[in-house]
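Comments concern the structure below.
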Amino acid sequence: MHSVSLGLVFLLVLTGCAFDNVGLLAAKVTPGDGAYVVDVYSIGAYLRTRPDDPGLLLGASRRSYVFSTTDETPPEPGWHYFFVPIPQKGTWTLDSRSFGVDVRAAVHDAGISLGYQETTILAEVPDSQSTAFVLSYSPDNPAAARLRLCDGEGRC
Amino acid sequence: MLTRSVMLALLALPGLAACAPTQVYVVHRTVVGLDAATNLQQTNGHIILGYDRNFATIVPKSVPAENGGKETMAVLSCSELEVSGIYLTGFTEHLATGQAARDFAKNLGDDTKTKGFFSCFKGN
């Protein structure tokens with residue numbers, strides 16, 4: 001079973017393809033303050049089925065996912081190749097920069113672009129949720145990511 | 001052929017999900033090239049050739065109200081964006097929703113209670 005998985009990864013890398021968190025990918029995990037950032041770099045065909053970021057890209061991209069450290073244990077900081085640790089938990093923010101043909105299939109964002117496109121989702125909160133947060137993020141300085149959660153009385 | 005099938009399946013997904021927004025959604029987008037997109041209800045869309053930058057917030061309008069009806073979701077938000085040329089270089093998003101938004105709204109003038117959480121509203 002293990003060798004079959006390795007074979008599939010090898011096949012994806014050889015063909016210049018990636019599927020979710022496997023294939024021709026590199027990712028860097030960077031811890032921040034109350035948050036951590038997973039920057040995923042792809043080149044070639046990249047099919048994503050994450051509920052918050054579904055789509056298909058033919059080209060090159062950097063997708064940055066910001067997660068809360070309170071949601072789950074962060075992956076090992078540093079670089080990861082071909083099999084990247086992207087938690088399935090929903091992101092607090094998502095920044096994507098891509099060049100090529102990008103087909104987007106998210107609920108709020110369905111379309112296709114050809115060329116360069118940069119999308120930053122600053123917040124995505126279900127209508128049933130009572131929450132308060134302050135999130136600071138700089139795409140080129142992931143270590144400065146900061147997430148602070150509070151209630152309406154200022155208890156953080 | 002496989003790629004074509006996958007693309008058709010992906011394009012069909014929004015049609016299956018055509019319904020009222022159920023999430024607060026704050027987004028920034030820059031496009032250089034060609035971009036075609038549709039809204040959630042697929043009642044309108046756009047095709048852009050060239051350069052475009054958008055900043056948008058979607059607030060659900062049909063959350064259950066205390067009287068049994070529907071109302072717009074309570075949201076208190078302050079977005080600070082830093083841009084350089086066509087690129088977004090950073091942002092700070094202050095956001096409260098639901099009961100937390102109502103509580104913050106009541107306490108906005110009292111910094112001892114909000115502890116500067118919505119410092120962007122100071123002086124407004």
Side-chain angles (χ1 to χ4, degrees), chain A residues 17 45 47-49 54-56 58 92-97 99-141 144 146-156, chain B residues 3 6-7 10-11 13-14 17 21-40 42 45-46 58 60 62-63 73 75-77 79 81-82 86-107 112-117:
Chain A
C17 297
L47 178 64
R48 308 173 309 278
T49 61
L56 174 69
L58 301 173
W92 284 82
T93 194
L94 166 63
D95 179 82
S96 70
R97 290 159 193 229
F99 188 83
V101 181
D102 191 13
V103 180
R104 308 178 302 272
V107 171
H108 291 294
D109 181 21
I112 183 167
S113 63
L114 174 63
Y116 174 78
Q117 72 108 4
E118 175 186 309
T119 302
T120 307
I121 300 169
L122 289 77
E124 192 169 10
V125 181
D127 60 5
S128 58
Q129 200 168 325
S130 170
T131 187
F133 66 87
V134 176
L135 174 62
S136 298
Y137 174 64
S138 299
D140 295 329
N141 185 15
R146 180 172 179 264
L147 176 64
R148 183 177 163 217
L149 300 164
C150 291
D151 64 17
E153 299 293 329
R155 285 184 292 267
C156 304
Chain B
T3 304
V6 169
M7 285 180 77
L10 287 169
L11 286 169
L13 277 176
T22 57
Q23 292 174 316
V24 177
Y25 187 70
V26 187
V27 67
H28 171 272
R29 162 165 299 140
T30 302
V31 176
V32 181
L34 176 67
D35 184 63
T38 178
N39 70 344
L40 189 64
Q42 296 186 324
H46 69 252
I58 297 171
S62 55
V63 296
M73 186 184 185
V75 177
L76 191 60
S77 173
S79 306
L81 275 69
E82 298 164 24
I86 65 167
Y87 303 103
L88 178 76
T89 55
F91 71 84
T92 300
E93 174 72 13
H94 307 247
L95 184 83
T97 61
Q99 190 57 47
R102 291 190 196 91
D103 293 343
F104 266 114
K106 276 188 290 188
N107 298 328
T112 57
K113 286 189 175 176
T114 62
K115 295 178 182 167
F117 197 83

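Below, read A as the first sequence line, B as the second, and so on, with proteins coming before strands; counting in each chain starts at 1.
Per-residue heavy-atom pair counts under 4.5 Å with chain A were compared for B/Thr89, B/Val31, B/Leu34, and the maximum is reached by B/Leu34. Interface check for chain B: of the options A/Tyr137, A/Phe133, A/Phe99, the most heavy-atom pairs under 4.5 Å are formed by A/Phe133. Heavy-atom pairs under 4.5 Å with chain B were tallied for A/Ser113, A/Ser130, A/Gly115; the largest tally goes to A/Ser130. Taking chain A as the reference chain and counting heavy-atom pairs below 4.5 Å, the highest number among B/Ile86, B/Thr92, B/Val26 is found for B/Val26.
Shortest non-hydrogen contact noted between A/Arg104 and B/Ala36 is NH2-O, 4.1 Å. Nearest heavy-atom pair across B/Pro60 and A/Asp127 is CG-CB, 3.8 Å. Shown here for A/Leu122 and B/His28, the closest heavy-atom pair between the two residues is CD1-N, 4.0 Å.
The backbone N or O of B/Leu88 sits less than 3.5 Å from a side-chain atom of A/Glu118, completing a donor-acceptor pair. The backbone N or O of A/Gln129 lies less than 3.5 Å from a partner atom in the side chain of B/Thr97, making a donor-acceptor pair.
The environment of CZ in B/Arg102 is crowded: more than 12 heavy-atom neighbours from other residues, nucleotides or ligands sit within 6.0 Å.
Side-chain contact between B/Tyr87 and A/Asp140 is absent, with no heavy atoms from C-beta onward closer than 4.5 Å.
Heavy atoms of A/Thr49 lying under 4.5 Å from chain B are absent altogether.
Considering OG1 of B/Thr30 and CZ of A/Arg97, their distance stands at 8.0 Å, rounded to 0.5 Å.
Of the residues A/Asp109, A/Asp102, A/Asp95, the one that meets the salt bridge (Lys or Arg N to Asp or Glu O under 4.0 Å) test with B/Arg29 is A/Asp109.
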